2 protein chains.
Amino acid sequence: MAESKSGDEPEPEAELEAELEAETGGDVQAGAESAEGAGRDPEAVSRFVEHFAAQLVEAGMPRMPARVFAALLASDTGALTSAELGEQLQISPAAVSGAVRYLAQVHLVSREREPGSRRERYRVHSDQWYEALTNREAIMKRWEDALREGVASLGADSPAGRRLSETLAFFEFVEVEVEAMMARWRIHRDQLFGAD
Amino acid sequence: MAESKSGDEPEPEAELEAELEAETGGDVQAGAESAEGAGRDPEAVSRFVEHFAAQLVEAGMPRMPARVFAALLASDTGALTSAELGEQLQISPAAVSGAVRYLAQVHLVSREREPGSRRERYRVHSDQWYEALTNREAIMKRWEDALREGVASLGADSPAGRRLSETLAFFEFVEVEVEAMMARWRIHRDQLFGAD
DNA sequence: CCTTAACTTCACAAATTTCTGAAGTAAGCG
DNA sequence: CGCTTACTTCAGAAATTTGTGAAGTTAAGG
């Protein structure tokens with residue numbers, strides 16, 4: 001976003017109009033400096049963000065989406081703007097844009113537009129996080145399709161066909177089970193944290 | 001994780017000493033129903049292998065391991081040698097080696113040495129397939145560690161800390177549930193297929 | 001309207017990953 | 001014993017992925 005042009009650097013951010021984390025109930029106690037980053041030890045935040053992101057990367061998530069997601073998780077409001085993300089993570093607006101596109105696609109973040117502003121906020125809901133994990137179901141569905149096809153073309157009575165059948169049965173089983181598990185989780189969560 | 005049912009499968013590969021190095025000729029092509037699938041349509045097998053592998057790749061598995069794994073799944077014996085894999089997939093021994101190393105590391109295949117031969121067979125057990133999926137637990141454990149650290153350094157009473165806590169609780173919950181689910185699966189499987 | 005802020009898309013440079021041929025190692029077999 | 005087979009490791013070429021600057025698009029605000 002920096003024009004890398006003339007010397008004047010006073011980002012309009014200094015103004016920070018009616019920004020306010022009027023998000024949740026307004027009584028954000030951390031209340032210190034700018035929008036999000038500094039009631040807390042920014043270094044501690046960064047350490048967590050990079051560490052957790054590294055784990056996600058290792059599990060297969062691309063680097064930028066992982067860092068953006070971790071930053072959102074670690075934010076107090078659970079929602080940050082593109083500019084805030086870019087600053088905290090030291091990445092270009094283009095990188096933020098790409099990362100957010102990825103995360104939205106896998107349902108890990110949702111986009112909100114603040115009315116009366118051009119800003120968009122990218123939000124992580126705990127629920128989405130869980131759902132997204134669950135949404136590996138979509139992937140499994142395709143695995144199942146491929147397996148069914150394999151059983152059909154290799155013959156259900158051949159040894160290979162039987163192996164594929166069993167694998168297929170496993171996925172079908174898991175699919176049902178996971179759904180039940182998520183239902184139990186919601187109950188469990190409410191017991192732990194109260195209906196949120 | 002109780003299992004070790006043992007007594008898995010009788011080794012169906014008795015003789016099978018036929019080598020068939022169709023490699024050296026220019027005639028590496030269909031018709032290669034050598035050691036493994038005499039009687040099956042090699043084209044149908046290949047179609048399944050490539051299709052299923054593509055799904056795995058899309059889910060994040062590297063290409064060669066995915067293809068090798070799919071080929072093993074689709075084999076009648078559930079075990080193939082390096083040469084057989086190389087021929088069917090048209091890849092170099094080095095590629096087979098790398099793929100197998102990867103698969104063994106994530107516990108998707110095991111290596112067996114045929115006594116009295118230098119050959120090694122790479123085998124897929126249905127059980128391993130399930131276990132491997134389950135073994136994402138190892139990954140989750142590390143996520144949990146990172147989250148605990150985050151809760152500690154951001155403060156369990158901050159909004160961000162609470163979000164991380166909830167996520168952590170979710171993973172801990174899932175971990176327990178998955179184990180129970182796998183136990184149920186084994187029972188279910190035995191009902192479907194009979195204790196194998 | 002015209003300006004400007006916020007985000008997106010595009011093209012390309014850089015880093016990383018993937019797969020191969022070739023050389024290396026180990027073990028059965030003549 | 002030493003030849004041969006079966007697999008592994010290594011170095012590097014090729015392909016793919018990643019992140020950036022810059023131009024493009026949309027919409028608020030004067």
Side-chain angles (χ1 to χ4, degrees), chain A residues 1-6 8-19 35 53-54 56-58 60-68 79-105 109-123, chain B residues 16-21 23-24 28 35 53-54 56-58 60-68 79-87 89-105 109-123:
Chain A
M1 69 164 153
E3 305 294 73
S4 70
K5 229 12 182 126
S6 52
D8 84 319
E9 251 295 346
E11 286 295 339
E13 307 288 22
E15 214 61 46
L16 268 190
E17 350 210 42
E19 194 70 35
L56 295 176
V57 167
E58 215 169 312
M61 187 184 292
R63 189 181 323 272
M64 284 292 144
R67 297 180 69 210
V68 165
L80 297 173
T81 65
S82 175
E84 288 164 347
L85 286 166
E87 188 190 353
Q88 185 184 338
L89 302 175
Q90 289 294 302
I91 57 179
S92 70
V96 174
S97 178
V100 166
R101 174 155 26 118
Y102 175 96
L103 291 169
Q105 203 156 16
V109 309
S110 59
R111 318 158 89 107
E112 306 178 350
R113 208 171 231 117
E114 287 183 74
S117 163
R118 277 131 300 187
R119 278 200 208 149
E120 213 162 11
R121 323 200 90 183
Y122 307 121
R123 171 173 302 276
Chain B
L16 277 187
E17 281 293 288
E19 296 272 327
L20 303 199
E21 301 276 282
E23 185 77 87
T24 42
V28 275
L56 295 176
V57 167
E58 215 169 311
M61 188 184 291
R63 190 180 320 274
M64 282 294 146
R67 296 180 70 208
V68 167
L80 299 172
T81 65
S82 176
E84 289 164 345
L85 286 166
E87 189 192 352
L89 301 175
Q90 288 294 300
I91 56 179
S92 70
V96 175
S97 178
V100 166
R101 173 155 26 120
Y102 175 95
L103 290 169
Q105 203 156 16
V109 310
S110 58
R111 319 158 88 106
E112 304 178 350
R113 205 168 234 118
E114 285 182 78
S117 162
R118 279 129 297 182
R119 272 197 218 157
E120 215 161 12
R121 322 203 91 188
Y122 307 121
R123 173 173 301 277

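Numbers restart at 1 for each chain; the letters A, B, ... are given by sequence-line order, proteins then strands. The basis for the numbers below is simple: all heavy atoms, side chains too, and nothing from hydrogens, waters or symmetry mates. None of the values given here were measured: they were computed from a predicted structure.
Between the C1' atom of dC7(D) and the CZ atom of Arg121(B) lies a distance of 15 Å, rounded to the nearest Å. The CD atom of Glu58(A) sits 12 Å away from the P atom of dT17(C) (whole-angstrom rounding). A straight line from CZ of Arg111(B) to C1' of dA6(D) spans 12 Å, rounded to a whole angstrom. The separation between Glu84(B) atom CD and dC7(D) atom P is 9 Å, rounded to whole Å. The nearest whole Å value for the distance from the CD1 atom in Ile91(A) to the P atom in dT8(C) is 12 Å. Between Arg119(A) atom CZ and dT4(C) atom P the separation is 18 Å, expressed in whole Å. A straight line from CG of Leu85(A) to P of dA6(C) spans 14 Å, rounded to a whole angstrom. Spacing between atom CD of Glu114(B) and atom P of dA26(C) amounts to 21 Å, rounded to whole angstrom units.
Within the nucleic acid shown, Ser97(B) comes within 4.0 Å of at least one base atom, counting heavy atoms only. No contact: Tyr102(A) has no heavy atom under 4.0 Å from any strand.
Under 4.0 angstrom from either OP1 or OP2 of dC7(C) there lies no side-chain N or O belonging to Arg113(A). In terms of phosphate contacts, Arg63(B) brings no side-chain nitrogen or oxygen within less than 4.0 Å of OP1 or OP2 of dA15(D). Taking side-chain N and O atoms only, Arg118(B) has no distance below 4.0 Å to OP1 or OP2 of dA27(C). Taking 4.0 angstrom as the limit, Arg67(A) places none of its side-chain polar atoms (N or O) nearer than this to OP1 or OP2 of dT18(D).
Separation of atoms CZ (Arg121(B)) and CG (Leu80(B)) is listed at 7.0 Å; rounding is to 0.5 Å. Taking CZ of Arg118(B) as the start and OG of Ser82(B) as the end, the distance is 14.0 Å to the nearest 0.5 Å.
Side-chain atoms of Arg101(A) lie closest to dT9(C) of the nucleotides dT9(C), dG21(C), dT8(D). Closest to the Ala94(B) side chain, of the nucleotides dG28(C), dC10(C), dT9(D), is dT9(D). Nearest nucleotide to the side chain of Met64(B), out of dC7(D), dA6(D), dC19(C): dC19(C). Closest approach to the Glu120(B) side chain among dT9(C), dT20(C), dT8(D) is made by dT8(D) (side chain taken as heavy atoms from C-beta onward).
In this structure, the side chain of Arg67(A) engages the main chain of Leu89(A) through a donor-acceptor pair within 3.5 Å.
Leu85(B) has its side chain within reach of Tyr122(B): a pair of non-hydrogen atoms, C-beta onward, lies under 4.5 Å apart. For the pair Met64(B)/Tyr102(B), no side-chain contact is recorded, criterion being any heavy-atom separation below 4.5 Å from C-beta on.
Both Pro93(B) and Ala95(A) lie near DNA chain D, and the one whose nearest nucleotide falls closer to the 5' end is Pro93(B).
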